[in-house]
Amino acid sequence: MGFSFSMKFDNLINLELTQKSGQTSQPPWIEMHGKYCDLIYLNEVPILIKAYQDDITSLNINYELPLDIGNLKDSVDQKNTEKNIKNEINRIFDLNFDLNRFYDYLSEDSKLETTVDFSRGLRLFLAKNPFEAIVSSIASANNSIVRWTKSIANIRKKWGNPVKFSSGIFYEFPYPELLQFVHENDLEEFDSLNGSIDMEFCIKNLKSCGVGYRAPYIKKTSEILSNDINLLEIFNMDYEEAFETVLTFPGVGPKVADCILLYGYGFKEAFPTDIWIKRIISYLYFDNKDISVSKIREFGIEHFGEYAGYVQLYLFHYARKSGLMNKLK
DNA sequence: TCTCAGGTCTGCG
DNA sequence: CGCAGACCTGAG
């Protein structure tokens, strides 16, 4: 059973650009017939969303409820479903952020004003689920975009709860309480099965998802999030405290921490500084001098303030599309 | 065959 | 603190 509605607003969004800019919080949503499809949650009930647009000042949303919703039906407030979906879409695509005001800000800096031409309508793409952002970000370190994207899809398929919709089955991302107990590699899986199957069939382990040596990081971080720190606590912290908190997770260094905070939790003052941002900022602001990543991060946070996260997003995309990246290699 | 990828961890000065 | 080296793995 499908429903649909349209969201019209004063501001703008380029959905395709926002989906495909390679932001490190989650893979793009699944593309089906020109629509971007994924699960969002209303009162912990997964809802299938299909988003597309006809023009840059509106979003069209189709949504489906799970087929075997059964006793969950009571927790879906039919009357308010549409309103609640709008709120969640608003949050995920940061639709309350005034892009035009941001463009005014960019145009005041001659080094930044050209970024707009390559990125008009690009918005922050927040995780529907901060845990997925954490695991994604850990998996992204020293990895290629295609590979970590596949890893996340594999994790969903192997341990995520399958939910049936009339459009097909979609997998949730597993919770830390489950992921903390999965096997790290085929050997560990093999041992636990007491030789009941051959080693070559041991494919339900983290490493088989393609996360490589990050498998123990993901598992230990899941343990911490099951036992010591509640995922939601981080929403209530200030940026500094949140940064220090996620830094304690194995596999999380300063770059991954800022990605988690920006894309997973919406801390816009975060300035994820990877090798590219380091090169871009050095080139634009420091005459191409070799400055450490941590200094670049401090510069970004100080210099761009509340816009740091968006500036990082726009700079990265600009460098990719303008040819600056190739030049800086 | 060989390098490299949106860093982090470890060990050392 | 600041700085090398190692590191899964598959695409090009």
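Labels below follow one simple rule: chain letters A, B, ... track the order of the sequence lines, proteins then strands, and each chain is numbered from 1.
Under a cutoff of 6.0 Å and an axis angle of 45°, A/R297 and A/F243 form a cation-pi pair.
Near DNA chain C, meaning a heavy atom under 4.0 Å away, the residues from residues 198-212 of chain A are A/K207, A/G212. The stretch residues 286-300 of chain A has no heavy atom under 4.0 angstrom from DNA chain B at all.
Within 4.0 Å (heavy atoms only), A/I138 reaches no atom of the nucleic acid at all. At the heavy-atom level, A/E184 lies nowhere under 4.0 Å from the strands shown. If you check every strand for non-hydrogen atoms under 4.0 Å, A/V146 touches nothing. Residue A/P272 is classed as having no contact, given no heavy-atom separation below 4.0 Å to the nucleic acid.
Each of A/L247 and A/N143 was matched to the nucleotide of DNA chain B holding its nearest heavy atom; the match closer to the 5' end belongs to A/N143. Between A/P250 and A/Q312, the residue anchored closer to the 5' end of DNA chain B is A/Q312, taking for each the nucleotide with the nearest heavy atom.
Across all strands shown, C/dC8 forms no Watson-Crick or G-U wobble pair with both distances under 3.5 Å.
No side-chain N or O of A/N161 forms a donor-acceptor pair with one of A/Y175 less than 3.5 Å apart. For the residue pair A/Y314 / A/Y103, a side-chain donor-acceptor distance below 3.5 Å is found, with atom types taken as modelled.
Here C/dT9 presents its C1' atom at 14 Å from CG of A/D186, a figure rounded to the nearest Å. Taking atom CG of residue A/N185 and atom C1' of nucleotide C/dT9, one finds them 15 Å apart after rounding to whole Å. If you measure from atom CG of A/N142 to atom P of B/dC9, you get 12 Å, rounded to the nearest angstrom. At whole-Å resolution of the value, OH in A/Y213 and P in B/dA5 are 13 Å apart. To the nearest angstrom, P of B/dG7 lies 13 Å from CH2 of A/W148. As rounded to whole Å, 16 Å separates atom P of B/dG7 from atom CD1 of A/I218. One atom, NZ of A/K278, and another, P of B/dT8, lie 14 Å apart when rounded to the nearest Å. As a whole-Å value, the separation of A/I145 CD1 from B/dG7 C1' is 14 Å.
Remark: the A/Y217 side chain and the B/dG7 base include no donor-acceptor N/O pair separated by less than 3.5 Å.
Of the possible polar contacts, one joining the A/R156 side chain to the A/Y171 backbone as a donor-acceptor pair under 3.5 Å is found.
Of the candidates B/dT8, B/dG7, C/dT9, the closest approach to any side-chain atom of A/P254 belongs to B/dT8. Of the candidates C/dC7, C/dT9, C/dA11, C/dA11 carries the atom nearest the A/K150 side chain, counting heavy atoms from C-beta on.
A/L262 and A/F125 fall into different hydrophobic clusters, where Ile, Leu, Val, Met, Phe, Trp and Tyr residues are linked whenever their side-chain heavy atoms come under 4.5 Å apart, directly or through other members. A continuous path of Ile, Leu, Val, Met, Phe, Trp and Tyr side chains, each step under 4.5 Å between heavy atoms, connects A/L315 with A/F102, placing both in one hydrophobic cluster.
For the side chain to side chain donor-acceptor pair (under 3.5 Å) with A/Y41, the lone residue among A/K128, A/E88, A/E172 that qualifies is A/E172.
Scanning all heavy atoms of the two residues, the minimum distance from A/I291 to A/K295 falls at CG2-CB, 3.4 Å.
Within the 6.0 Å centre-distance limit, the rings of A/Y265 and A/F235 are counted as a close aromatic pair.
By the 30° and 60° cut-offs, the orientation of the rings of A/Y307 relative to A/F97 is perpendicular.
Of the P atoms belonging to B/dT10 and C/dC8, the separation is 13 Å, rounded to the nearest Å.
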